[in-house]
Amino acid sequence: MSTSTVIRPVEDTIPVEDTAAGVFGRSRHLSDRPHEQVVFCEDAATGLRAIIAIHSTVLGPALGGTRFYPYANERQALDDVLRLSRGMTYKAAVSGVHLGGGKAVIIGDPTVHKTEALLAAYGRFVESLGGRYITAADVGTYASDLDVVGRHTAHAVGRTVAAGGSGDSSPLTALGVFQAMRAGVENIWGTTNLEGRVVGVEGLGKVGYSLVGLLAADGARVVVSDVNPAAVERVVSDFPDVRVAGSVVQASLDVYAPCALGGTLSPATAGSLDARLVCGAANNQLTIPEVETMLGERGITWVPDYVANAGGLIQVAGEVDGFDAAVVRSDVEAIFERTAEIFEMSRVLGTGLGPAANRIAEQRIDAA
Ligand SMILES: NC(=O)C1=CN([C@@H]2O[C@H](COP(=O)(O)OP(=O)(O)OC[C@H]3O[C@@H](n4cnc5c(N)ncnc54)[C@H](O)[C@@H]3O)[C@@H](O)[C@H]2O)C=CC1
Ligand SMILES: O=C(O)CCC(=O)C(=O)O
């Protein structure tokens, strides 16, 4: 096991276009703040290559999931983990959670490279940070993986209920997205009901699948797409009324819900998207912050990803504080009110929702 720890300022090495990308609008001071610590982890025996990024511990230990993904190279993995961890700082702050922002990536194909030994080695790296970083699940990782990781560190949440955790956080992430969507729908159409609305869900993994269930139960007309045919088949079999599209982002919609990887909202897609509202689970949906303005000029409202998708964080943060399922669920449902407040703040500021949410998050961190 070998680590190298990069202490700030890691952003000095990153091109401006990378650091500007993501969810951070034009508000610069917190988003410009360098990461506190970035740890490169290698374990030759298991083939583990991972990066753990701690953006901020101002509000508490840095919590964020572990993404297991076949990055083309370490540079791509670093860019992703830096952006994701910074987003977690904002997510915790805007959600009123007493935690900081961190995230980790494991470089590799989870269907090929994920072994118990590799997850164990990863757990030992997390443990070596002494609780400054608390890990959880993300793309390519599951509660059962956290069980393995959690046998080697005290700082893993989102484990299965059988292992003493709160279980898969994706259903509550989906519930939070659904609540944020209802708030968005109310602002546009004057009703919180999704009935009859055409909602496109892109990405039918852990969160997307649960979101389809909530939307179908509320009477939405759901259009879905996923690059993995098995994920599409599962949804079609469980929710026969959904319509499958080649690419949801190109379909004619009322609401677009990106629930796969980030970066699907670029200047190009902002120019072609046929929807009135964007609200989904994917982290870092915008390739550049200016995309929000481009969407706004075409009458499309974007609900900031880190506001809508905080349900999973709220759930696993509950494990840190002492888990109470009813309190956690009600805090996730309150994403409806939080989103409505951000709509109100955006009207006061005369901005999109992105800068308004950033303002709320930054005020909380500044106060701390
Ligand atoms: N799991 C959770 O509780 C949370 C997840 N998120 C974010 O939500 C997103 C989804 O997370 P999970 O559902 O956990 O991941 P997952 O790995 O279970 O599912 C992702 C799905 O997206 C599909 N996909 C990948 N590229 C695609 C593309 N170009 N077009 C259509 N589908 C594509 C994959 O085939 C997979 O089915 C991620 O961005 C994640 O960071 C955010 C907060 C919490
Ligand atoms: O949802 C989780 O389990 C952890 C939180 C997280 O990593 C995220 O919100 O992206």
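Quick note: numbers below take in every heavy atom, side chains included, and nothing from hydrogens, waters or symmetry partners. First listed ligand is number 1; within each ligand, the first listed atom is number 1.
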| Short list, please: which atoms of ligand 1 are under 4.0 Å from a heavy atom of A282? | 8 (O), 9 (C), 39 (O)

| said: If hydrophobic clusters are built from ILVMFWY residues whose side chains come within less than 4.5 Å, do I106 and Y142 share one? | reply: no

| message | Name the residue from T173, L214, V199 that meets the side chain to side chain contact (heavy atoms under 4.5 Å, CB included) definition with F178. | response | L214

| Does R67 have a heavy atom less than 4.0 Å from any atom of ligand 1? | yes

| said: Under a 4.0 angstrom heavy-atom cut-off, which atoms of ligand 1 come close to G140? | reply: 17 (O)

| said: Tell me if the CD atom of E337 is crowded by more than 12 foreign heavy atoms within 6.0 Å. | reply: yes

| said: Taking only non-hydrogen atoms of C259, do any sit less than 4.0 angstrom from ligand 1? | reply: yes

| query | Of the options V198, V212, V255, which is the one that meets V222 in a side chain to side chain contact (heavy atoms under 4.5 Å, CB included)? | reply | V212

| Going by heavy atoms, is G262 under 4.0 Å from ligand 1? | no

Output block, N or O contacts of ligand 2, threshold 3.5 Å exclusive:
unit_1, atom_1, unit_2, atom_2, d
ligand 2, 1 (O), S169, OG, 3.2
ligand 2, 3 (O), S169, OG, 2.7
ligand 2, 7 (O), G65, N, 2.7
ligand 2, 7 (O), K103, NZ, 2.8
ligand 2, 9 (O), K91, NZ, 2.6
ligand 2, 10 (O), K91, NZ, 3.1
ligand 2, 10 (O), K103, NZ, 2.6
ligand 2, 10 (O), N283, ND2, 3.1

| Greater than 12 external heavy atoms within 6.0 Å of R347's CZ | yes

| request: For S169, counting its heavy atoms only, list the atoms of ligand 1 lying under 4.0 Å from any of them. | output: 3 (O)

| request: State the CG-CD1 distance between L349 and I342, to the nearest 0.5 angstrom. | output: 11.0 Å

| remark: Under 4.0 Å from one or more heavy atoms of V139, ligand 1 contributes atoms 11 (O), 15 (O), 17 (O), 38 (C), 40 (C)

| field | For R329, side-chain contact (heavy atoms from CB on, under 4.5 Å) partners two or more places apart | value | L172, L175, E333

| task | Please check if the distance between the ring centroids of F239 and Y209 is under 6.0 Å. | result | yes

